[in-house]
Protein chains: 2
Amino acid sequence: MPDHLQPAFRALADPTRRDILRMLGDRPMTIAEVSDQFDMTRAAVKKHLVMLSDGGLISVEARGRERVNSLKPEALKPVMDWLGWFDQFWDVRLDALKAAIEEGNDNEQATEQQGPHDD
Amino acid sequence: MPDHLQPAFRALADPTRRDILRMLGDRPMTIAEVSDQFDMTRAAVKKHLVMLSDGGLISVEARGRERVNSLKPEALKPVMDWLGWFDQFWDVRLDALKAAIEEGNDNEQATEQQGPHDD
DNA sequence: TCTATATGATACCCTTTAGTATCACGTCAA
DNA sequence: TTGACGTGATACTAAAGGGTATCATATAGA
């Protein structure tokens, strides 16, 4: 299984890039427009946009002297699919928890795994 | 919005860690057991496990002199939710495409957005 | 108790990443 | 044509990532 979705995962690993994605969800934006929303140089934002493009998450279209960056939400589908593989597990766990609760909870060593320490 | 899911996204950004997650989907494993599956030192694997733990994706339970690492698939839910926000966009696009196809395609300037340049 | 084993913890490398500063280039407008 | 503007590209620095080697510690077992 060649990790063809590695660039996408890596692109998503930075909070600035995730913010950019959501901004582009509103409308396509030029590099300058995106840069205006962040407290960093245009060059830094450009690097993030390149990584997003490498991950296939955005498309860049030349329009005169501008570059319009547009969201490509379809690229998130493979990522969702990868994560979706784990649904089978927390489905099972939720079932087990539910069953344990309904059975009454005096044999609950087996359910301590999904303990409630989700900060 | 404090980026509380940043550790999770960062943990998912490495292919080795994603492989570990799927391995732990099979069964909980000790550090040594996980290390056996990779061509790297135990210390390197340990670092990955720490990052996975920081992201809340696994739990580590001491059992004698061993540390059993277990998958915590619930931790992927916030990540799925974040990604799910983008469903609205490719849903709209798919709908537009579908509508265009069903309507017959001679007035299709409006649908060129989801053009066939999906590599 | 003694020893092998599973792990924790550092210190250290090399590469990548995130950021800046700077300059060159194409394009829009007067 | 001139100049302002949006961008590309490069060089540079600081920090984080991914990896190794090494030593210390706790525990299982004879």
Side-chain angles (χ1 to χ4, degrees), chain A residues 1-24 27-71 79, chain B residues 2-24 27-72 79:
Chain A
M1 54 195 79
D3 223 333
H4 60 285
L5 39 78
Q6 172 61 15
F9 266 112
R10 198 166 275 274
L12 289 170
D14 184 274
T16 296
R17 289 193 288 269
R18 292 198 298 277
D19 286 346
I20 291 176
L21 283 184
R22 300 203 68 146
M23 288 173 45
L24 294 183
R27 61 183 175 87
M29 299 174 75
T30 66
I31 300 179
E33 284 174 329
V34 175
S35 300
D36 286 346
Q37 306 296 321
F38 295 95
D39 190 23
M40 66 182 73
T41 63
R42 181 188 53 78
V45 170
K46 167 77 180 328
K47 284 191 181 180
H48 286 305
L49 290 172
V50 168
M51 288 200 187
L52 286 170
S53 180
D54 287 346
L57 301 175
I58 67 171
S59 64
V60 186
E61 176 197 1
R63 194 175 58 188
R65 61 180 164 185
E66 296 179 338
R67 296 294 183 282
V68 180
N69 303 273
S70 303
L71 182 66
V79 177
Chain B
D3 222 334
H4 61 285
L5 40 78
Q6 172 60 15
F9 267 111
R10 198 166 277 274
L12 289 170
D14 184 272
T16 297
R17 290 194 287 270
R18 291 197 298 276
D19 286 346
I20 292 177
L21 282 184
R22 301 203 66 146
M23 289 173 46
L24 294 182
R27 61 183 175 87
M29 301 174 74
T30 66
I31 299 180
E33 284 173 329
V34 175
S35 299
D36 287 344
Q37 306 296 321
F38 295 95
D39 190 23
M40 67 182 73
T41 63
R42 181 187 54 75
V45 170
K46 167 79 182 326
K47 284 190 181 181
H48 285 305
L49 290 172
V50 168
M51 288 199 190
L52 286 169
S53 180
D54 287 346
L57 300 175
I58 68 171
S59 63
V60 187
E61 176 197 3
R63 194 175 59 188
R65 62 180 163 182
E66 298 179 337
R67 296 294 184 284
V68 181
N69 303 272
S70 303
L71 183 66
K72 287 211 306 179
V79 177

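We name chains A, B, ... by the order of the sequence lines, and we start the count at 1 in each one.
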Open item on the list: Under 4.0 Å, counting only non-hydrogen atoms across every strand here, what does B/Ala32 touch: a base, just sugar-phosphate, or nothing?
Closed with: sugar-phosphate

Task: Distance in angstrom units between B/Met29 CE and C/dT7 P, rounded - done: 11 Å

- [ ] Rounded off to whole Å, could you give me the CZ-to-P distance for the A/Phe9 and D/dG17 pair?
- [x] 17 Å

TODO: Measure from the side-chain N and O atoms of B/Arg17 to the backbone N and O of B/Ala11, and report whether any donor-acceptor pair falls under 3.5 Å.
DONE: yes

- [ ] Mind checking A/Arg17 for me? I need base, sugar-phosphate or nothing, with any heavy atom below 4.0 Å counting as a touch.
- [x] sugar-phosphate

TODO: Rounded to the nearest 0.5 Å, what's the gap from CG on B/Leu21 to NE2 on B/His48? Could you check?
DONE: 11.5 Å

- [ ] Report the nucleotide, chosen from C/dT20, D/dG19, D/dG8, that has the shortest atom-to-atom distance to any side-chain atom of A/Lys46.
- [x] D/dG8

Open item on the list: Looking only at the side chain of A/Arg67 (C-beta and beyond, no hydrogens), which of the listed nucleotides D/dT7, D/dG18, D/dT27 gets closest?
Closed with: D/dT7

- [ ] Round to a whole Å and report the spacing from CE of A/Met40 to P of C/dT17.
- [x] 16 Å

- [ ] Tell me which of B/Met51 and A/Glu66 sits closer to the 5' end of DNA chain D, going by the nucleotide each one is nearest to.
- [x] A/Glu66

Open item on the list: Regarding B/Arg10, tell me which of base, sugar-phosphate or nothing describes its non-hydrogen contacts under 4.0 Å with the strands shown.
Closed with: sugar-phosphate

Task: Euclidean distance, atom CG of residue A/Leu12 to atom P of C/dT17 [Å, nearest integer] - done: 14 Å

- [ ] Go through D/dT7, C/dT20, D/dG19 for me and flag the one nearest to the B/His48 side chain.
- [x] D/dG19

Task: Shortest non-hydrogen separation from B/Ala13 to A/Ala13 and the atoms involved - done: CB-CB, 3.5 Å

Task: Side chain of A/Arg65 - closest among D/dG17, C/dG8, D/dG6 - done: D/dG6

Task: Most 5' of A/Arg63 and A/Thr41 on DNA chain C, judged by nearest nucleotide - done: A/Thr41

Open item on the list: Quick check for you: among C/dA9, D/dG8, D/dG18, whose closest atom lies nearest to any side-chain atom of B/Arg42?
Closed with: C/dA9

TODO: Starting from the 5' end of DNA chain C, give me the residue, A/Asp14 or B/Asn69, whose nearest nucleotide shows up first.
DONE: B/Asn69

TODO: Take atom CG of A/Leu49 and atom P of D/dT7, then tell me their distance rounded to the nearest Å.
DONE: 10 Å

Open item on the list: Just the rounded figure in Å: distance from P of D/dG8 to NZ of A/Lys47.
Closed with: 14 Å

Open item on the list: Need one value for A/Ala43: base, sugar-phosphate or nothing, where a base atom within 4.0 Å counts as base even if backbone is also close, heavy atoms only.
Closed with: base

Task: Whole angstrom value for the distance that separates P of D/dC5 from CG of A/Asp36 - done: 14 Å

TODO: Considering non-hydrogen atoms only, spot the tightest contact between B/Ser35 and B/Val45 and give its length.
DONE: OG-CB, 3.5 Å

Open item on the list: So which atom in A/Gln6 and which in B/Pro15 form the shortest heavy-atom distance, rounded to 0.1 Å?
Closed with: OE1-CD, 3.4 Å

Open item on the list: In whole Å, I'd like the distance from the CD1 atom of A/Ile31 to the P atom of D/dC5.
Closed with: 17 Å

